[in-house]
Amino acid sequence: MEDDDLKILRERLTARRAELMTQGDIGVDPNRPSAVEHADEDEQPLNEMNQVIASKRNRMRVEELRKIEAALARMAADPEEFGLCLDCDEPIPLRRLELMPWATLCVPCQSKRSGPRRDGRRRHLRDFDD
């Protein structure tokens, strides 16, 4: 991989890491205002749904941070190997790395790991996060 491309990817990774770090965890109001008060039965289902959504977003944020840290570590440890597929050792296309700089597999190898599409739906970029 070219040094200029590596520099751009490193900048993208560090910028995204900084963005995720400044966002912080999403907070959610508790179901009950205090331990002695009862929850409003009309608001409780909405509040529980908001808690689930916030929890999932927080997990996704932490997972993305983990992938960014791993990519930066790979980049620092062996810059010449960064951008090579871990399965087939072929270069991962630059366009894929521009979209997902933490990608460790090329699309064909990722597709093999993901298995066949069972439900007939279109694949999305998030289907290839591993």
Side-chain angles (χ1 to χ4, degrees):
M1 176 170 289
E2 301 282 330
D3 288 339
D4 293 339
D5 294 334
L6 201 60
K7 181 181 177 186
I8 290 170
L9 292 174
R10 183 180 297 112
E11 289 171 358
R12 284 186 182 186
L13 285 165
T14 54
R16 181 63 180 151
R17 178 179 60 185
E19 180 184 341
L20 290 171
M21 295 297 283
T22 57
Q23 286 176 355
D25 285 339
I26 299 170
V28 178
D29 296 329
N31 280 334
R32 296 186 294 175
S34 70
V36 294
E37 294 182 47
H38 292 286
D40 183 351
E41 290 180 14
D42 294 333
E43 290 181 14
Q44 189 169 356
L46 177 62
N47 196 20
E48 288 174 2
M49 182 183 69
N50 287 336
Q51 287 176 342
V52 170
I53 291 170
S55 177
K56 182 170 180 150
R57 286 185 180 165
N58 290 336
R59 280 193 310 272
M60 289 172 54
R61 180 182 152 273
V62 168
E63 181 63 21
E64 187 175 349
L65 280 169
R66 185 193 64 74
K67 289 177 183 179
I68 289 170
E69 292 296 336
L72 288 170
R74 284 192 319 274
M75 197 178 283
D78 197 357
E80 294 174 3
E81 294 290 317
F82 187 82
L84 295 179
C85 177
L86 295 180
D87 282 356
C88 68
D89 288 330
E90 291 295 319
I92 299 171
L94 184 57
R95 182 70 180 138
R96 178 171 169 82
L97 289 172
E98 288 172 347
L99 295 172
M100 294 178 5
W102 54 80
T104 58
L105 301 171
C106 63
V107 174
C109 291
Q110 181 65 58
S111 296
K112 288 177 192 172
R113 282 195 183 187
S114 299
R117 290 185 282 186
R118 291 179 215 121
D119 57 5
R121 69 180 176 90
R122 290 180 55 196
R123 291 200 177 234
H124 297 280
L125 182 62
R126 286 174 278 164
D127 291 342
F128 300 99
D129 279 345
D130 294 340

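Note that the coordinates shown come from a computational prediction; the quantities given were computed from them, not determined experimentally.
Using a cut-off of 4.0 Å between Lys/Arg side-chain N and Asp/Glu carboxylate O, Glu69 and Arg17 are scored as salt-bridged. By the 4.0 Å N-to-carboxylate-O rule, Arg16 lies close enough to Glu19 to be salt-bridged with it. Taking a cutoff of 4.0 Å between a charged side-chain nitrogen and a carboxylate oxygen, Asp87 and Arg113 qualify as a salt bridge. Look at Lys67 and Glu64 and you find no salt bridge, because none of the NZ, NE, NH1 or NH2 atoms lies under 4.0 Å from a carboxylate O.
Distance check, rounded to the nearest 0.5 Å: CD of Glu48 to CD1 of Ile53 gives 12.0 Å. Expressed to the nearest 0.5 Å, how far CG of Asp89 lies from SG of Cys109 amounts to 9.0 Å. Separating the CG atom in Leu86 from the OG1 atom in Thr104 is a distance of 4.5 Å, to the nearest 0.5 Å. Atom CD1 in Ile8 sits 12.0 Å away from atom CG in Leu13 (nearest 0.5 Å). Considering NZ of Lys112 and CG of Leu105, their distance stands at 10.5 Å, rounded to 0.5 Å. Here the CG-CZ distance, from Leu9 to Arg12, works out to 6.5 Å after rounding to the nearest 0.5 Å.
Under the 4.5 Å side-chain contact rule for hydrophobic residues, Val62 and Met100 do not share a cluster.
Side-chain atoms of Glu2 and Lys7, non-hydrogen and from C-beta on, never get closer than 4.5 Å to each other. The side-chain heavy atoms of Glu98 and Asp5, taken from C-beta on, include no pair separated by under 4.5 Å. The shortest side-chain heavy-atom distance between Glu81 and Leu84 falls under the 4.5 Å cut-off. Residues Cys85 and Pro91 form no side-chain contact, since every pair of their non-hydrogen atoms from C-beta on lies 4.5 Å or further apart. Between Ile68 and Leu20 there is a side-chain heavy-atom pair separated by less than 4.5 Å.
With hydrogens and angles left out, the side-chain atoms of Ser114 and Gln110 include a donor and acceptor closer than 3.5 Å.
Listed here is the closest heavy atom pair of Ala103 and Arg96: CB-NE, 3.9 Å.
Remark: Asp78 CG is packed, more than 12 non-hydrogen atoms of other residues, nucleotides or ligands lying under 6.0 Å away.
Partners of Leu6 by side chain to side chain contact (heavy atoms under 4.5 Å, CB included), not counting sequence neighbours, listed by chain and number: Met1, Arg10, Met75, Pro79, Phe82.
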